[in-house]
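Down below is the structure, laid out as structure tokens.
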Amino acid sequence: MNNLTVIDHPLIKAKITQMRDVNTTTKMFGELVDEISGLMCYEITRDLEVEEIEIETPITKTKGYRIKGSDLAIIPILRAGLGMVKGIHQLIPTAKIGHIGLYRDHDTLQPVEYLCKLPNDLEHRNVILVDPMLATGGSAVKAIEILKERGAKSIRLASLVGCPEGVAAVHNTYPDVPIYLAAMDEKLNEKGYIVPGLGDAGDRLFGTK
Ligand SMILES: O=P(O)(O)OC[C@H]1O[C@H](OP(=O)(O)OP(=O)(O)O)[C@H](O)[C@@H]1O
Ligand SMILES: O=c1cc[nH]c(=O)[nH]1
Ligand SMILES: [Mg+2]
């Protein structure tokens with residue numbers, strides 16, 4: 001599928017399996033989200049532009065590289081997206097962090113917005129939108145709409161577990177937004193949960209029901 005990268009790596013496969021396990025504790029679940037996000041960051045940022053700089057080692061002057069502009073923003077969709085921030089931010093510490101609060105209404109499955117705090121220079125930043133679950137795609141589509149309204153021009157979406165319905169929803173509305181997944185699952189069930197999935201990511205991350 002165009003603009004979709006399902007990251008194929010043994011570490012990610014094994015860690016996602018641990019996350020899915022119903023017996024995985026809240027502590028372990030959070031650590032796994034953190035670790036997988038860091039591993040995914042390697043692939044998500046592969047196409048960032050670099051520029052040459054001159055530096056001095058203890059031995060000699062030499063040419064090196066830095067991320068061009070180093071203008072990134074990591075934007076989690078609350079709550080569950082919060083779990084993905086640290087793993088990425090520690091690799092890109094210059095990135096600004098914004099927040100979009102959305103919850104999915106249990107009956108309609110439509111996203112409801114309750115918070116939005118974004119860097120005010122989004123148009124100059126490469127935005128990494130993070131949310132562990134891409135289910136119907138409603139939350140991701142809404143978040144991308146908010147980001148575009150605020151001027152974002154370069155947006156990539158990183159989710160841990162996705163499904164064909166969610167990928168299609170994002171691609172149909174925003175074909176310019178690349179999607180990165182750690183796993184592509186089979187389908188949604190009648191309640192809008194991903195199958196086999198891992199349950200409610202926010203509840204598992206924060207120990208709520
Ligand atoms: O693709 P969708 O069908 O929109 O579903 C995915 C959304 O559902 C979950 O959030 P939830 O509404 O459970 O909020 P939470 O993170 O606060 O638990 C998840 O973290 C996504 O944001
Ligand atoms: O399977 C799902 C679907 C939406 N949100 C979740 O947290 N899990
Ligand atoms: Mg939830």
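In each ligand, atom 1 is the first atom listed, and ligand 1 is the first ligand listed. Hydrogens, waters and symmetry mates are skipped; everything else that's a heavy atom, side chains included, is used.
Contact detail for R150 and C116: the closest heavy-atom pair is NH1-SG, 4.4 Å. Closest approach of R104 to K191, counting heavy atoms only: NH2-O, 3.8 Å. Between L91 and G38, the shortest heavy-atom contact is CD1-O, 3.4 Å. Closest non-hydrogen pair, A73 versus R125, comes out as CB-CD, 3.9 Å. Taking both residues in full, the closest heavy atoms of A140 and L129 are given as O-CD2, 4.3 Å, listed atom of the first, atom of the second, then distance. When all heavy atoms of K148 and I155 are compared, the closest pair comes out as CG-CD1, 3.8 Å.
Shortest contact from atom 5 (O) of ligand 1 to any protein heavy atom: R104 CD, 3.4 Å. The nearest heavy-atom contact from the protein to atom 18 (O) of ligand 1 is R79 NH2, 2.8 Å. Protein heavy atom at the shortest distance from atom 4 (O) of ligand 1 is S139 OG, 2.6 Å. Nearest non-hydrogen protein atom to atom 2 (C) of ligand 2 is Y193 CD2, 3.4 Å. Looking at atom 3 (O) of ligand 1, its nearest protein heavy atom turns out to be T136 OG1, 2.5 Å. The nearest heavy-atom contact from the protein to atom 6 (C) of ligand 1 is M133 O, 3.5 Å. Protein heavy atom closest to atom 22 (O) of ligand 1, with residue, atom name and distance, is D131 OD2, 2.4 Å.
Atom numbering of ligand 2 starts at 1 in the shown order; those under 4.0 Å from a heavy atom of I194 are 1 (O), 2 (C). Of all atoms in ligand 2, numbered sequentially from 1 with element shown, those under 4.0 Å from a heavy atom of R104 are 3 (C), 4 (C). Taking every heavy atom of G202 and a limit of under 4.0 angstrom, the matching atoms of ligand 1 come to 18 (O). Set against the non-hydrogen atoms of A135, the atoms of ligand 2 under 4.0 Å away are 3 (C), 4 (C). Atoms of ligand 2 found under 4.0 Å from any heavy atom of G192, numbered from 1 in the order shown, are 3 (C). Those atoms of ligand 1 that come under 4.0 Å of a heavy atom in Y103, given as number and element, are 12 (O).
Taking 2.8 Å as the threshold, D203 does not count as a candidate ligand of the Mg ion (ligand 3), since none of its N, O or S atoms lies below it.
The atom of D200 that is an N, O or S and sits closest to the Mg ion (ligand 3) is OD1.
With a heavy-atom cut-off of 4.0 Å, D200 touches ligand 1 through its side chain alone. Neither the backbone nor the side chain of A201 comes within contact range of ligand 1; no heavy atom lies under 4.0 Å.
The closest side-chain heavy-atom distance from M40 to L160 is below 4.5 Å.
Comparing G101, A80, G137 by heavy-atom distance to atom 1 (O) of ligand 1, the nearest is G137.
Annotation: I77 places no N or O atom under 3.5 Å from an N or O atom of ligand 1; distance criterion only. Where the criterion is an N or O separation shorter than 3.5 Å, residue side chain and backbone included, L134 fails it with respect to ligand 1. For ligand 2, the polar-atom distance check finds an N/O of A201 within less than 3.5 Å of one of the ligand's N/O atoms. Checked by distance only, ligand 2 and G199 come closer than 3.5 Å through their nitrogen or oxygen atoms.
Under the 3.5 Å distance criterion, the side-chain polar atoms of D131 are left unmatched by any main-chain donor or acceptor of G81. Checked by atom type and distance alone, the side chain of S139 never pairs as donor or acceptor with a backbone atom of P111 at under 3.5 Å. In terms of modelled atom types and a separation under 3.5 Å, the side chain of T5 and the main chain of I7 share no donor-acceptor contact. Formation of a donor-acceptor pair under 3.5 Å by the D185 side chain with backbone atoms of K187 is not found in this model. Judged by distance alone, with hydrogens and angles left aside, the side-chain atoms of T57 form a donor-acceptor pair with the main-chain N or O of T60 at under 3.5 Å.
Protein heavy atoms all stay at least 4.0 Å away from atom 9 (C) of ligand 1.
Under the 4.5 Å side-chain heavy-atom criterion for Ile, Leu, Val, Met, Phe, Trp and Tyr, V22 and I36 are members of distinct hydrophobic clusters.
The pair K63-E54 does not meet the salt-bridge criterion, since no charged nitrogen lies less than 4.0 angstrom from a carboxylate oxygen.
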